[in-house]
Peer 1: 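One structure, as structure tokens, below. Some questions next.
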Amino acid sequence: MTNIVNHWIGGKSVEGASGTYGPVTDPATGAVTTKVAFASVEEVDAAVAAARAAFASWGQSSLAQRTQILFRFRALLDAHRDEIAALITAEHGKVHSDALGEVARGLEIVDLACGITVQLKGELSTQVASRVDVAAIRQPLGVVAGITPFNFPAMVPMWMFPIAIACGNTFVLKPSEKDPSASVRLAELLSEAGLPDGVFNVVHGDKVAVDRLLEHPDVKAVSFVGSTPIARHIHTTASAHGKRVQALGGAKNHMLVLPDADLDAAADAAVSAAYGSAGERCMAISAVVAVGSIGDELVEKIRERAEKIKIGPGNDPASEMGPLITRAHRDKVASYVRNAAAEGCEVVLDGTGFTVDGHEDGHWIGISLLDRVPTTAKAYQDEIFGPVLCVLRAGTYEEGVALINASPFGNGTAIFTRDGGAARRFQLEAEAGMVGVNVPIPVPVGYHSFGGWKDSLFGDHHIYGNDGTHFYTRGKVVTTRWPDPADAPAGVDLGFPR
Ligand code: NAD
């Protein structure tokens with residue numbers, strides 16, 4: 001082990017004091033390259049205290065001061081795209097172009113935060129009664145926390161902190177312990193942009209650090225993105241401690257392909273959305289529902305394309321798909337494929353046992369394609385989070401929609417068709433928070449909000465966009481009377497005010 005990833009508290013790097021560390025692995029080689037300090041309760045408390053102290057002035061800072069810092073941060077982020085993408089590839093394994101895409105999507109939210117002035121304008125009603133005006137304003141909450149997953153180590157933190165700090169809050173981030181370096185680099189760039197010490201802090205760790213954030217009386221709100229069981233725990237625990245919570249969970253995203261769809265376009269989309277980032281995306285398509293008699297032709301078109309995907313180290317420009325995050329995860333993904341035939345699936349492509357020459361210890365798995373998957377199969381029911389695509393068959397549009405809506409998850413879904421009427425019906429009938437029409441991964445742009453339904457989100461607010469501003473502020477309504485100097489005193493009136 002060569003490097004140690006430290007916490008970032010009060011504007012500087014702080015070595016871990018708990019004596020506990022976690023390994024960070026290069027997924028392409030399987031080698032442990034770095035260790036990351038795990039925070040104790042006391043270290044989390046130190047980060048929250050730094051954030052609380054910083055809130056005293058940051059919460060009072062002018063909008064111009066905040067946005068100028070965010071504009072400088074935006075420029076630095078833009079200049080360091082490649083470097084951050086390389087950090088992501090080294091610890092996550094995704095290919096460099098995909099890591100660059102992740103930074104670009106994070107940058108979109110920084111763009112939004114640079115324009116927070118417009119979103120925080122408030123509302124005013126004049127003369128609601130004689131000489132009385134009413135203003136609705138929104139104010140920051142104080143210290144807010146973010147807990148993020150391994151699969152987007154730069155983008156998901158940027159779904160949260162740019163808006164939170166633009167609104168005047170201070171932030172404590174607990175990134176994934178599997179790929180922690182990008183978040184520390186973001187902290188350094190924020191500091192270089194002129195962000196006052198303590199406004200943005202990073203504590204690394206596991207359940208100990210997370211649970212302390214959920215319970216800490218000075219943490220006013222918690223944003224979480226990760227798997228469904230942990231999202232449920234975060235929502236329950238943080239709510240019980242009186243906090244505002246948004247907890248985004250896992251997914252099983254379906255793509256409904258109607259018989260009239262352009263099957264080449266549908267197959268391209270299914271392959272890109274299923275196997276991009278090795279399927280480790282919460283908006284990956286993991287189930288295709290073929291309607292009518294197109295199933296065999298569609299599966300064949302998917303197979304032809306999927307077989308050509310080049311798998312290799314993320315830092316090799318020839319690679320289109322990298323390894324999985326850990327060996328344990330790779331083995332779990334492989335177990336779904338190995339059990340698939342016994343569960344009644346037709347295994348069209350089996351990616352288990354795949355390796356890359358010269359990188360035999362990497363966390364490799366090839367492409368898997370399962371056809372005629374019964375809804376009872378574990379491969380269908382669970383979020384696999386790997387390069388495994390299930391194809392199901394439905395006789396009609398109605399059967400397909402019923403199947404999608406029976407899933408406990410409701411993150412994203414997509415329809416592929418040339419029929420505008422069917423697409424319109426699907427928009428209204430699909431029980432998911434994000435719907436694509438001939439778009440397989442309908443991730444909303446920064447100025448709309450991202451979030452699922454059902455077991456894919458616990459809490460009332462989606463993330464970023466207008467919901468982001470709403471989540472990180474609380475409303476206040478101010479009623480003002482300024483009598484005209486010429487008015488006579490109103491006198492005492494015990495009646496109900498009108
Ligand atoms: P995860 O739930 O294992 O971990 C997420 C975070 O929670 C990490 O910071 C981790 O340290 C922490 N954590 C893990 N176990 C914990 C526990 N017992 N108590 C407290 N904290 C704990 O998720 P992951 O494996 O890092 O990420 C993959 C998951 O995230 C997938 O399920 C994916 O669908 C989901 N995800 C969802 C979205 C979305 O927008 N809905 C986006 C990205 C990822």
Side-chain angles (χ1 to χ4, degrees), residues 20 22 24 27 36-39 41 44 91-94 102 105-106 109 145-160 172-180 182-183 202-215 222-238 245-253 277-286 324-326 328-330 332-333 382-386 407-413 432-434 441-444 449-459 461-465 467-468:
T20 310
V24 180
V36 56
F38 277 14
V41 165
V44 173
E91 295 181 353
H92 175 285
K94 66 176 73 174
E102 159 171 4
R105 292 313 294 261
I109 313 303
I147 300 152
T148 53
F150 80 82
N151 66 324
F152 287 109
M155 182 185 78
V156 171
M158 285 194 275
W159 282 358
M160 303 172 181
V172 179
L173 173 67
K174 205 306 282 175
S176 171
E177 66 281 17
K178 298 189 179 102
D179 44 16
S183 56
V202 182
V203 286
H204 302 288
D206 56 5
K207 187 171 168 56
V208 172
V210 171
D211 286 352
R212 180 58 186 155
L213 286 170
L214 303 183
E215 291 163 7
V222 175
S223 298
F224 172 87
V225 176
S227 61
T228 290
I230 310 300
R232 203 178 261 123
H233 162 69
I234 301 283
H235 185 251
T236 310
T237 312
V245 196
Q246 54 181 181
L248 283 71
K252 192 85 183 179
N253 305 308
S277 204
E280 290 176 324
R281 288 181 181 147
C282 64
M283 287 293 275
I285 289 291
S286 45
L324 292 180
I325 184 74
T326 60
H329 184 55
R330 189 271 314 272
K332 188 170 175 212
V333 172
D382 292 359
E383 179 187 41
I384 298 179
F385 225 51
S407 169
F409 297 107
N411 216 33
T413 187
M434 294 167 282
I441 302 193
V443 172
S449 300
F450 179 112
W453 286 12
K454 303 197 280 189
D455 284 359
S456 296
L457 188 144
F458 304 92
H461 290 87
H462 289 199
I463 208 160
Y464 66 74
D467 268 22

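Whatever order the structure lists ligands and atoms in, that order sets their numbers, starting from 1.
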Peer 1: Would you say ligand 1 has an N or O under 3.5 Å from any N or O of Thr148?
Peer 2: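 By distance alone, the answer is yes.
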
Peer 1: Between the side chains of Arg232 and Asp455, is the shortest nitrogen-to-carboxylate-oxygen separation below 4.0 Å, so that they form an ion pair?
Peer 2: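 Salt bridge: yes.
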
Peer 1: May I ask you to decide if Ile285's main-chain N or O and Asn253's side chain share a donor-acceptor pair within less than 3.5 Å?
Peer 2: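 Not a single qualifying donor-acceptor pair exists.
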
Peer 1: Short question: side chain of Asp382, backbone of Ile384 - any donor-acceptor pair under 3.5 Å?
Peer 2: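 No, Asp382 side chain to Ile384 backbone: no donor-acceptor pair under 3.5 Å.
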
Peer 1: Looking at Gly451, is its backbone amide N or carbonyl O close enough to the side chain of His461 to form a donor-acceptor pair, meaning the two atoms are under 3.5 Å apart?
Peer 2: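 No, because the side chain of His461 does not come within donor-acceptor range (under 3.5 Å) of the backbone of Gly451.
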
Peer 1: Can a donor-acceptor pair be found, under 3.5 Å and without considering hydrogens, that links the side chain of Ser449 to the backbone of Tyr464?
Peer 2: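 Such a contact is found between Ser449 side chain and Tyr464 backbone.
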
Peer 1: When you measure from the side chain of Ser176 to the backbone N and O of Lys178, does any donor-acceptor pair fall under 3.5 Å?
Peer 2: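 Yes; at least one donor-acceptor contact below 3.5 Å.
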
Peer 1: Can you pull out the closest protein heavy atom to atom 35 (C) of ligand 1? Residue, atom name and distance to 0.1 Å, please.
Peer 2: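 Nearest neighbour among protein heavy atoms for atom 35 (C) of ligand 1, to 0.1 Å: Gly226 O, 3.0 Å.
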
Peer 1: Looking only at protein heavy atoms, which one is nearest to atom 19 (N) of ligand 1, and how far off is it?
Peer 2: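 Minimum-distance protein heavy atom for atom 19 (N) of ligand 1 reads Lys207 CG, 3.4 Å.
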
Peer 1: Measure from the side-chain N and O atoms of Thr237 to the backbone N and O of Ile234, and report whether any donor-acceptor pair falls under 3.5 Å.
Peer 2: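 Absent.
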
Peer 1: Considering both backbone and side-chain atoms of Phe385, is one of its nitrogen or oxygen atoms within less than 3.5 Å of a nitrogen or oxygen in ligand 1?
Peer 2: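 No: no nitrogen or oxygen of Phe385 is under 3.5 Å from one in ligand 1.
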
Peer 1: Is atom 4 (O) of ligand 1 less than 4.0 angstrom from some protein heavy atom?
Peer 2: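 No.
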
Peer 1: Considering only non-hydrogen protein atoms, determine which one is nearest to atom 39 (C) of ligand 1 and report residue, atom name and distance to 0.1 Å.
Peer 2: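 Result for atom 39 (C) of ligand 1: Cys282 SG, 3.5 Å.
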
Peer 1: Could you list the atoms of ligand 1 found under 4.0 angstrom from a heavy atom of Ile147?
Peer 2: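 Atoms satisfying the 4.0 Å criterion: 6 (C), 7 (O), 9 (O).
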
Peer 1: May I ask you to check if ligand 1 and Ile234 share an N or O to N or O distance below 3.5 Å?
Peer 2: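 N/O-N/O distance below 3.5 Å does not exist for this pair.
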
Peer 1: Donor-acceptor pair, distance only, cut-off 3.5 Å: does the side chain of Asn411 make one with the backbone of Gly250?
Peer 2: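 No, the answer is negative, given that no donor and acceptor are paired below the 3.5 Å cut-off.
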
Peer 1: For atom 27 (O) of ligand 1, which protein heavy atom lies nearest, and how many Å away is it?
Peer 2: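 Protein heavy atom with the smallest distance to atom 27 (O) of ligand 1: Pro149 CB, 3.2 Å.
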
Peer 1: If you measure from each non-hydrogen atom of Asn411 to ligand 1, which part falls under 4.0 Å: side chain, backbone, both or neither?
Peer 2: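 Just the side chain.
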
Peer 1: What's the separation between atom NZ in Lys174 and atom CZ in Phe224, rounded to the nearest 0.5 Å?
Peer 2: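 Lys174 atom NZ to Phe224 atom CZ measures 9.0 Å (nearest 0.5 Å).
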
Peer 1: What part of Glu383, side chain, backbone, both or neither, has a heavy atom within less than 4.0 angstrom of ligand 1?
Peer 2: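 Looking at Glu383 and ligand 1, just side chain atoms fall under 4.0 Å.
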
Peer 1: If I apply the N/O under 3.5 Å rule, does Ile230 come out as touching ligand 1?
Peer 2: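 No - when backbone and side-chain N and O of Ile230 are compared with those of ligand 1, no distance drops under 3.5 Å.
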
Peer 1: Can you tell me which residue and heavy atom of the protein come closest to atom 7 (O) of ligand 1, and the distance to 0.1 Å?
Peer 2: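 Protein heavy atom at minimum distance: Phe224 CE1, 3.4 Å.
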
Peer 1: Determine, using ring centers only, whether Phe150 and His92 are less than 6.0 Å apart.
Peer 2: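 Centroid distance His92-Phe150: below 6.0 Å, so yes.
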
Peer 1: Any atoms of ligand 1 less than 4.0 Å from a non-hydrogen atom of Phe450? List them with their elements.
Peer 2: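 Under 4.0 Å from Phe450, ligand 1 has these atoms: 39 (C), 40 (O).
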
Peer 1: Give the residue and atom name of whichever protein heavy atom lies nearest to atom 23 (O) of ligand 1, and the separation in Å to one decimal.
Peer 2: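 Nearest neighbour among protein heavy atoms for atom 23 (O) of ligand 1, to 0.1 Å: Ser227 N, 3.5 Å.
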
Peer 1: Using a 3.5 Å distance criterion without hydrogens, assess whether the side chain of Glu102 forms a donor-acceptor pair with backbone atoms of Ala154.
Peer 2: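 Answer holds: yes.
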
Peer 1: Looking at OG1 of Thr148 and CG of Asp179, how far apart are the two atoms once the value is rounded to the nearest 0.5 Å?
Peer 2: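 Answer rounded to 0.5 Å: 8.5 Å.
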
Peer 1: Can you name the atoms of ligand 1, numbered from 1 with element, that are less than 4.0 Å from a heavy atom of Asn151?
Peer 2: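 That gives atoms 43 (C), 44 (C) of ligand 1.
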
Peer 1: Check ligand 1 against Glu177 and write out every atom of the ligand that is under 4.0 Å from a heavy-atom position of the residue.
Peer 2: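 Under 4.0 Å from Glu177, ligand 1 has these atoms: 10 (C), 11 (O).
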
Peer 1: Under 4.0 angstrom from ligand 1, any heavy atom of Gly249?
Peer 2: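 Distance cut 4.0 Å: Gly249 passes for ligand 1.
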
Peer 1: Indicate yes or no: does an N/O atom of Lys174 lie under 3.5 Å from an N/O atom of ligand 1?
Peer 2: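 The answer is yes, given that Lys174 and ligand 1 share an N or O pair closer than 3.5 Å.
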
Peer 1: When only distance counts, is Asp206 in polar contact with ligand 1, meaning an N/O pair under 3.5 Å?
Peer 2: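 N/O-N/O distance below 3.5 Å does not exist for this pair.
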
Peer 1: Looking only at protein heavy atoms, identify the closest one to atom 26 (O) of ligand 1 and say how far it is in Å.
Peer 2: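 Checking every protein heavy atom, the shortest distance to atom 26 (O) of ligand 1 gives Phe150 N, 3.0 Å.
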
Peer 1: Quick one: does any side-chain atom of Lys454 pair with a main-chain N or O of Ala432 as donor and acceptor, under 3.5 Å?
Peer 2: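 Such a contact is absent between Lys454 side chain and Ala432 backbone.
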
Peer 1: Is Glu280 salt-bridged to Lys94, cutoff N-O under 4.0 Å?
Peer 2: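 Between Lys94 and Glu280 there is no salt bridge, as every charged N stays at least 4.0 Å from the carboxylate O atoms.
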
Peer 1: Within the 4.0 Å heavy-atom shell around Val210, which atoms of ligand 1 are there?
Peer 2: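 It comes down to these atoms of ligand 1: 20 (C), 21 (N).
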
Peer 1: Could you tell me whether some N/O pair between Trp159 and ligand 1 is separated by less than 3.5 angstrom?
Peer 2: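 Among all N and O atoms of Trp159, none is under 3.5 Å from an N or O of ligand 1.
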
